[in-house]
There are 2 protein chains.
Amino acid sequence: MTGKKRTAVEAKQAPGSGRPGRVRIEDVAASAGVSIKTVSRVLNNEPNVSARTRAQVEAAVEQLRYRPLPSARVLAGRRSYLVAMLFDNPSSNYLMEIELGVLDACQAQHYNLMLAPLVYNADDIVAKVESLIMQSQLDGIVLTPPLTDDDALLARLVDLGVPYSSISAREQNRHVGVVVDEFGAVCALMAHLAGLGHTRIAHISGPAAHGASTWRLAGYREGLRRAGLRYDAKLVVNGEFSYESGYAGANQLLDSAQPPTAIFAGNDDMAAGVICAISERGLSVPGDISVSGFDDTPIARQIYPSLTTIRQPTREMGRVAASELLKEIREMGSGGVVDLAYTLQVRRSTGPASG
Amino acid sequence: MTGKKRTAVEAKQAPGSGRPGRVRIEDVAASAGVSIKTVSRVLNNEPNVSARTRAQVEAAVEQLRYRPLPSARVLAGRRSYLVAMLFDNPSSNYLMEIELGVLDACQAQHYNLMLAPLVYNADDIVAKVESLIMQSQLDGIVLTPPLTDDDALLARLVDLGVPYSSISAREQNRHVGVVVDEFGAVCALMAHLAGLGHTRIAHISGPAAHGASTWRLAGYREGLRRAGLRYDAKLVVNGEFSYESGYAGANQLLDSAQPPTAIFAGNDDMAAGVICAISERGLSVPGDISVSGFDDTPIARQIYPSLTTIRQPTREMGRVAASELLKEIREMGSGGVVDLAYTLQVRRSTGPASG
DNA sequence: CTGTTAGCGCTTTCAT
DNA sequence: ATGAAAGCGCTAACAG
């Protein structure tokens, strides 16, 4: 017992010292009849352990229900087993689903998740993140939009050598992360509307700074083209992804000389505003005008009429983004960009073109 | 330099060893001309430090921008500076706001937050939480509804001596935490409806297991009584806090012999379902029937017509719940129950009684 | 393939 | 009121 302070048995008999009742690595070592270093090797999937020894250790771990103490690993090692998810509150639903997915992947791989609310355009973002990294010894970062597009931040992360994973970054394929083909999704949506006989289809776009706005607008134009419809700049108005901006945009479109028969709002919140504006004028959806959104937030099913929209697999997106990050942490270059499938959800807000 | 492995200067010159560039407690001690123990005392607000010494140390900390390494404190001490927020996904909006509030309080007091999604009626909840506590060395727990009402869980937490703080627990005043007078809020809402001339006011309740359902139903009855209106059991139907159950409940009420002129849904999601059911029948809100909800989720402003409802200060609730927990952690018995104010949000879905 | 020996950076005894 | 020494539980070098 050279150097050992307490044996496993003593520990249980003397719960006053140290963390009460906690099983330690040396207890596992003793139980498996090996050294603590060997246990450590097994725990960390290091090579140079015979299959036989490995099995013995694993059995002991199982039997003693041993779990390494996170803070001890962190203090001794170079990894923190901690990743942070940075966000600047877009919609709660979106964020919560992403978060649950990220959490799921982290828990599965025994990583801890730290949440870091940030303000996108604040000029101290880089400094904030930097001190977060230093103080919490972050192993990696999950980026959510629109922080995925902050070039200064990305550059600094690369400089610091901190792995990160992006969700729906504007510049796709360049980083580790997850993407959804929003462009293709909108094309599909336009095909749906054109198939219903609509020829004057309007679009209320999101803020230009968001990648999502760009792809959705591009999909709108390409969708029109594929349907053989002419693009008309007067049918496109700028929104802000907010309910209010959807409401305002719809009124602008309805007041125009030749109002559209269908409106594709850049997201569900704006679509809700569009429906409100139409309803207030005594017009009917989809009888007079068809409306569609994007995101399939809960509101899509809860407004009247229910909303035709595009569903992104948000929970899965979080899970995959985190998994790729953890791969990248384990071995630089092993993470990739995963493309996840969208779904066109046809509901009651779209129907045959009127007149 | 007896026993010291590296001085502050050496550390910066030899970034290969240890954590690169990190300022350690001994650097602060050296800079302040005191022992590391004294620095530790100042850091932890311990007594037995002269004001003069304390000031010197604080200056050094400031100047060196020193932050203790969490894992080292945890490993050495008995506290983990970690609290968990347990939840069983109610609405995203509610949860996200609570979470942001909790996070805010934790960050302000240099505590870490761990998120623990759970399933309310799973019978392994207690075991799950127990292992969470042991493995992560939790200092305390924030409970969100309906987990606040799991008696087995509460009992176990008390047994283990783990402090916890509840948000809107059914059994109020018994624990540390935060509450809102939902009963009084509904009374106020009923006064609003009665004031508009409504005499047949229906209620769609939430699941009986939720404290919220109980208070809201009780407030409905008391509100009627205060307005001099008779309680009629046929005007109360059971819902599940879901959009679908609100839709179904409204149809049931509308099909009855004497339909109500106003419907108070137990939450906003159900109210949205109610509005949909009414609209589908070609009736108008509030022209024919007034509708109100509870919670003031974003949907309340995004449906047509916008919803009269009750707002709870969710972000603040999270913040206060966490603050009280941290007080309790610091000194058992010092946390309390805080009562936060609600707001009656009158919007477009309620109006004068018809006919 | 396996074990030994030092620490990681901080808090805790226990002296002084 | 202050300090010296001894770990907390684990991983990292370096031996064997």
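Lettering of chains follows the sequences in order, A, B, ..., and the numbering in each one begins at 1.
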Write down the distance between [atom1] ([X]) and [atom2] ([N]), rounded to a whole number of angstrom.
X       : N      : atom1 : atom2 : value
A:Arg67 : D:dG9  : CZ    : P     : 17 Å
B:Glu46 : C:dT12 : CD    : C1'   : 9 Å
A:Arg52 : C:dC1  : CZ    : P     : 14 Å
B:Arg22 : C:dG7  : CZ    : P     : 20 Å
A:Glu26 : D:dC8  : CD    : C1'   : 11 Å
A:Arg73 : C:dG9  : CZ    : P     : 18 Å
B:Ile36 : D:dG3  : CD1   : C1'   : 9 Å
A:Asn48 : D:dT11 : CG    : P     : 16 Å

TODO: Starting from the 5' end of DNA chain D, give me the residue, B:Ala72 or B:Pro47, whose nearest nucleotide shows up first.
DONE: B:Pro47
Selected nucleotide, minimal atom distance to [X] side chain, candidates [options]:
X       : options              : value
A:Ala76 : C:dG7, C:dC14, C:dG3 : C:dG7
A:Leu75 : D:dG3, C:dC10, C:dG9 : C:dG9
B:Ser35 : D:dG9, D:dT11, D:dA4 : D:dA4
A:Ile25 : D:dA4, D:dC10, D:dT2 : D:dC10
B:Thr38 : C:dG3, D:dG3, D:dT11 : D:dG3

Between [X] and [N], does any side-chain N or O lie under 4.0 Å from OP1 or OP2?
X       : N      : value
B:Ser50 : D:dA1  : no
B:Asn44 : C:dT11 : yes
B:Thr53 : D:dA1  : no
A:Tyr81 : D:dC10 : no
A:Arg78 : D:dA13 : yes

TODO: Would you check if the side chain of A:Ser80 reaches a backbone N or O of A:Leu82 as a donor-acceptor pair within less than 3.5 Å?
DONE: yes
Task: Whether A:Ser71 side chain and B:Val74 backbone form a donor-acceptor pair below 3.5 Å - done: no
- [ ] Please determine, by modelled atom types, if A:Gln135 and B:Arg65 share a side-chain donor-acceptor pair under 3.5 angstrom.
- [x] no
- [ ] State whether the distance check finds a donor on one side and an acceptor on the other, under 3.5 Å, for side chain A:Lys37 versus base D:dA12.
- [x] yes
TODO: Run the ring-centre check on B:Tyr164 versus B:His175 and record whether the distance is less than 6.0 Å.
DONE: yes
- [ ] Supply the atom-to-atom distance A:Asp139 CG to A:Arg78 CZ, rounded to the nearest 0.5 angstrom.
- [x] 12.0 Å
